**Q** 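Quick one: the structure is below, and I'll ask about it shortly.
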Amino acid sequence: FHHELVRQVLYDELDANRRRLYHRQIGQALEALYVDDLEALAGELAEHYERARLWEKAISYKLRAGRHTQGVYAYGEAAQLFKQALKLFEKLRRSWSLSQRSMRLQLLSAYSSELVFPTVSDLKPVLDEMQAYSSVMLTLAQELSDDVKRCEAYVQQARVELARGRREAAQNALQQAFSLSQALSQPALATSLEQLGRLYRQMGEYGRAIAAHRRAEEIGLLADDFGVQAKARAGIAVIQLFLGQLAEAQQNMERADALVQASGNRRLRAAVLNNLGVILRELGDHERARASYEQARQLMVEVRDQRGEGIVLINLGTLATDQGRYDEALDYFERVLSWLHLPGLKGLEIEAFSEKGRAHLGRGELELALEASSHAICILESEGDFSTEAERFYFTHSRILQAQRRSDEAYIYLQKAYERLCRIADQIPDEALRRSFLENVSINRQILAAWQAAQVPGRETSDSAGR
C-alpha cells in the first residue's frame with residue numbers, strides 16, 4: 001500500500017470473521033515459508049494468531065518471542081511479551097490441558113526470572129504480583145511433577161521474601177530449594193542453583209552459598225557444559241572476594257575465564273572479565289584491572305547488553321576515581337545515570353550516585369558530592385538498607401559530610417557503616433574467615449580505621465559499635 005491509511009480503511013471494511021480467517025492464513029503461510037526462522041518471526045506470528053483468536057498458538061509464539069528478545073538482552077520488551085501471554089491465558093477455558101499448564105509454568109518462570117527483574121529495585125514495584133506468581137509456579141510444578149521448576153519456584157519465593165525483609169521465610173524457601181537440588185542432576189537446575197548461591201551470599205550464609213555453586217559445577221561436569229562450570233567457578237570466586245580471600249578468588253575467576261572461553265559465550269565472558277577486574281583492583285593491580293574492564297565492556301557492547309555495560313562503566317569509574325582521574329570517572333557515571341529509565345538499569349542507581357559523589361569529593365566539589373551521595377542514601381534507606389554494599393555507601397556519605405565539617409552527621413553515617421560491617425562479620429562463624437573479611441577487604445579496613453579514629457572520650461556508642 002502506498003499509504004498506511006489506505007491499508008487501514010480496507011482492513012476496517014472487512015467483517016470480523018474474514019479478518020480472523022486472513023490472520024490465520026497469514027500465520028500459517030509464514031510458518032510454512034520460514035520454518036527454519038520462526039524464532040525471529042515469533043512476535044509477528046503471535047500478533048496474527050492473537051487477531052485470529054487462536055489463543056494457544058498466540059501464547060506459544062509470545063513465549064518464543066519473549067525468549068528470543070531475552071537472548072538479545074531486550075529485557076523490557078521480553079517482559080511485555082511474557083505479561084501479554086499471561087493475560088491471554090484468561091481467554092482459554094479454565095480446564096487447562098497438560099500442555100497448556102506446562103506452557104503457563106514456562107511463562108511464569110520466564111517472566112519472574114532475574115533476567116527480567118535483576119535487582120530489588122526492579123522487584124519492589126511488583127512484589128505482590130511476584131509472590132502470587134511464585135505460588136502458582138509451585139502449584140503447577142507439583143501438578144506436573146517437575147522438580148526442577150519446583151526448585152525454581154522456591155528460589156523465586158525466597159527472592160520475594162528477602163525483598164520484603166522476611167529473612168526467616170526466605171531461609172525456609174531456600175532450604176526447600178536446596179533439599180530438592182540434591183536429588184536432581186538436570187542441566188536446567190544449574191540456573192536455580194546459581195541464584196540459590198547468590199541469595200545465600202546476600203543472607204550471609206557463605207558455606208551454603210559455596211555448596212550451591214559447587215553443586216552447579218558438578219552438574220556442569222556431568223553434562224560437559226563449560227558455561228555452567230564457568231558460572232559456578234565465578235560464583236565461588238565472588239564469595240571469596242567478598243571474604244577477602246583474594247588469591248583464591250583470582251585463581252577461581254581466571255579458571256572461570258578459561259572455561260567460558262571454551263564455551264564460546266561472549267556475554268558470560270564479559271561478566272567474568274568484569275569480576276576479574278574487581279578482584280585485580282582489590283589486589284591493587286590497577287592496570288590489569290582496567291584492561292579487564294575494557295575487554296568486558298567491549299564484549300557487552302558487542303552483544304548489546306546495556307545493563308551489563310552499565311555495571312562495567314561503574315567499575316571503570318570507580319577505578320578512575322581511585323587513580324585521581326575524576327573527570328573521566330564522572331563521564332562514566334553520567335552515562336550510566338542517563339540510562340536509568342531503561343528496563344533492568346534502575347538497580348544501578350545507588351552505586352552510580354554514590355560513586356559520583358566520591359568523584360566530586362576528589363575534585364573538591366563538596367556541594368555536588370553531597371547532592372549525589374544524598375540521593376544514593378535516600379534510595380538506599382527507602383529500600384530498607386537492602387543493598388549488599390550498604391556499608392560502602394554509608395561510609396562514602398560520612399566522608400563527604402566530614403569534608404563539609406558536619407561532624408555529627410558524619411559520625412551518624414560512619415556508625416551506620418560500622419554497625420552494618422559488624423553485623424556481616426558476626427554472620428561469619430569461622431574466625432579466620434571473619435578476620436580475612438575485616439582485614440583483607442580495603443573498604444572494610446577503611447571503615448574500621450575511621451571508626452577507631454572517631455572514638456573520643458564521652459561519645460556514646462551502641463553495643464554493636466563498642467566491640
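Quick caveat: nothing in here was measured; it's all calculated off a predicted structure. The residues of the chain are indexed from 1 along the displayed sequence.
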**Q** Do any N or O atoms from the side chain of T69 and from the backbone of A65 form a donor-acceptor pair under 3.5 angstrom?
**A**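 Checked: pair present.
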**Q** Is the shortest side-chain heavy-atom distance between R150 and Q142 below 4.5 Å?
**A**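 R150 vs Q142: side chains touch.
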**Q** Taking the basic N atoms (NZ, or NE/NH1/NH2) and the acidic carboxylate oxygens, is any pair closer than 4.0 Å for R363 and D327?
**A**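 Result for this pair is yes, salt bridge flagged.
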**Q** Check for a donor-acceptor pair, side chain of N252 on one end and backbone N or O of A237 on the other, with a separation under 3.5 Å.
**A**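 Not confirmed, N252 side chain does not pair with A237 backbone.
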**Q** Does the pair R67/E39 count as a salt bridge with the N-to-O cut at 4.0 Å?
**A**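 Result for this pair is no, no salt bridge flagged.
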**Q** Using the rule side chain to side chain contact (heavy atoms under 4.5 Å, CB included), only one of V272, L273, L268, N274 pairs with L299; which is it?
**A**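 Among V272, L273, L268, N274, the one meeting side chain to side chain contact (heavy atoms under 4.5 Å, CB included) with L299 is L273.
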**Q** Between Y61 and E31, does any side-chain donor sit less than 3.5 Å from a side-chain acceptor?
**A**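 There is such a pair (donor and acceptor under 3.5 Å, judged by atom type) between the side chains of Y61 and E31.
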**Q** Taking atom types as modelled, find out whether E50 and Q84 have a side-chain donor-acceptor pair closer than 3.5 angstrom.
**A** no
**Q** Could you please spell out the steps behind the side-chain hydrogen bond (donor to acceptor under 3.5 Å, both in side chains) verdict for T139 and E143?
**A** CA-CA 6 Å; T139 299; E143 289 175 0; over 6 Å; no
**Q** Q171 and E205: side-chain hydrogen bond (donor to acceptor under 3.5 Å, both in side chains), yes or no, with the steps?
**A** CA-CA 10 Å; Q171 284 177 318; E205 299 191 23; 2.6 Å; yes
**Q** Mind listing the closest non-hydrogen atom pair of L123 and A163 along with its distance?
**A** CD1-CB, 4.4 Å
**Q** Using a cut-off of 6.0 Å, state whether more than 12 heavy atoms not belonging to E114 lie near its atom CD.
**A** yes
**Q** I'd like to know if the side chain of S436 and the backbone of L243 have a donor-acceptor N/O pair within less than 3.5 Å.
**A** yes
**Q** Is the Lys NZ or Arg CZ of R104 less than 6.0 Å from the centre of F89's six-membered ring, within 45° of the axis?
**A** yes
**Q** Answer yes or no for K356 and F333: cation-pi contact, defined as NZ/CZ to six-membered ring centre under 6.0 Å and angle to ring axis within 45°.
**A** no
**Q** Would you say the side-chain atoms of E282 pair up with the backbone N or O of S442, donor to acceptor, closer than 3.5 Å?
**A**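 Yes: the side chain of E282 pairs with the backbone of S442.
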**Q** Which word best sums up how the rings of Y111 and F117 line up, parallel for under 30°, tilted for 30 to 60°, or perpendicular for over 60°?
**A**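 If you compare the ring of Y111 with that of F117, the planes turn out perpendicular.
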**Q** Under 3.5 Å, side chain of S60 to main-chain N/O of K57, donor-acceptor pair present?
**A**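 Side chain of S60 to backbone of K57: no pair is present.
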**Q** Check whether more than 12 heavy atoms from other residues, nucleotides or ligands sit under 6.0 Å from atom CZ of R445, and answer yes or no.
**A**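 Counting neighbours around CZ of R445, more than 12 heavy atoms of other residues, nucleotides or ligands fall under 6.0 Å, so yes.
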**Q** Please check if the side chain of S292 supplies one atom and the backbone of R288 the other of a donor-acceptor pair under 3.5 Å.
**A** no
**Q** Does V260 offer a backbone N or O that forms a donor-acceptor pair with the side chain of S263 under 3.5 Å?
**A** yes
**Q** Of F437, F395, Y394, which is the lone residue that meets side chain to side chain contact (heavy atoms under 4.5 Å, CB included) with L421?
**A**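 That would be F437; it is the only one of F437, F395, Y394 passing the side chain to side chain contact (heavy atoms under 4.5 Å, CB included) with L421.
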**Q** Under the 3.5 angstrom rule, does the side chain of S373 hit a backbone N or O of A369 as a donor-acceptor pair?
**A** no
**Q** Do I236 and I239 come close enough that some side-chain heavy atom pair is under 4.5 Å?
**A**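 Not touching, per the 4.5 Å side-chain cut-off.
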**Q** Less than 4.0 angstrom from a charged side-chain N to a carboxylate O is my criterion; do E287 and R290 meet it?
**A** no
**Q** Is there a donor-acceptor pair under 3.5 Å between the side chain of S374 and the backbone N or O of E371?
**A** no
**Q** Between Q131 and R164, do the side chains contain a donor N or O and an acceptor N or O under 3.5 Å apart?
**A**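 The answer is yes; a qualifying pair exists.
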**Q** Regarding E334 and S338, is there a side-chain donor-to-acceptor distance under 3.5 Å anywhere?
**A** no
**Q** Going by distance alone, is a donor N or O of one side chain under 3.5 Å from an acceptor N or O of the other, for Q250 and E254?
**A**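 Q250 vs E254: donor-acceptor pair found between side chains.
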**Q** Give a yes or no on whether E431 atom CD has more than 12 heavy-atom contacts from other residues, nucleotides or ligands under 6.0 Å away.
**A**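 No, the 6.0 Å shell around CD holds no more than 12 heavy atoms from other groups.
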**Q** Does any N or O in the side chain of Y293 come within less than 3.5 Å of the main-chain N or O of V278, such that one atom is a donor and the other an acceptor?
**A** yes
**Q** May I have the step-by-step check of side-chain contact (heavy atoms from CB on, under 4.5 Å) for S109 and K149, ending in yes or no?
**A** CA-CA 8 Å; S109 168; K149 290 297 181 191; 3.0 Å; yes
**Q** Working note: Y206 + D430, criterion side-chain contact (heavy atoms from CB on, under 4.5 Å); need CA distance, chi angles, decisive distance, verdict.
**A** CA-CA 10 Å; Y206 307 110; D430 184 278; over 6 Å; no
**Q** With a 6.0 Å cut-off (strictly less than), is the heavy-atom count around CZ of R101, excluding the residue itself, greater than 12?
**A** yes
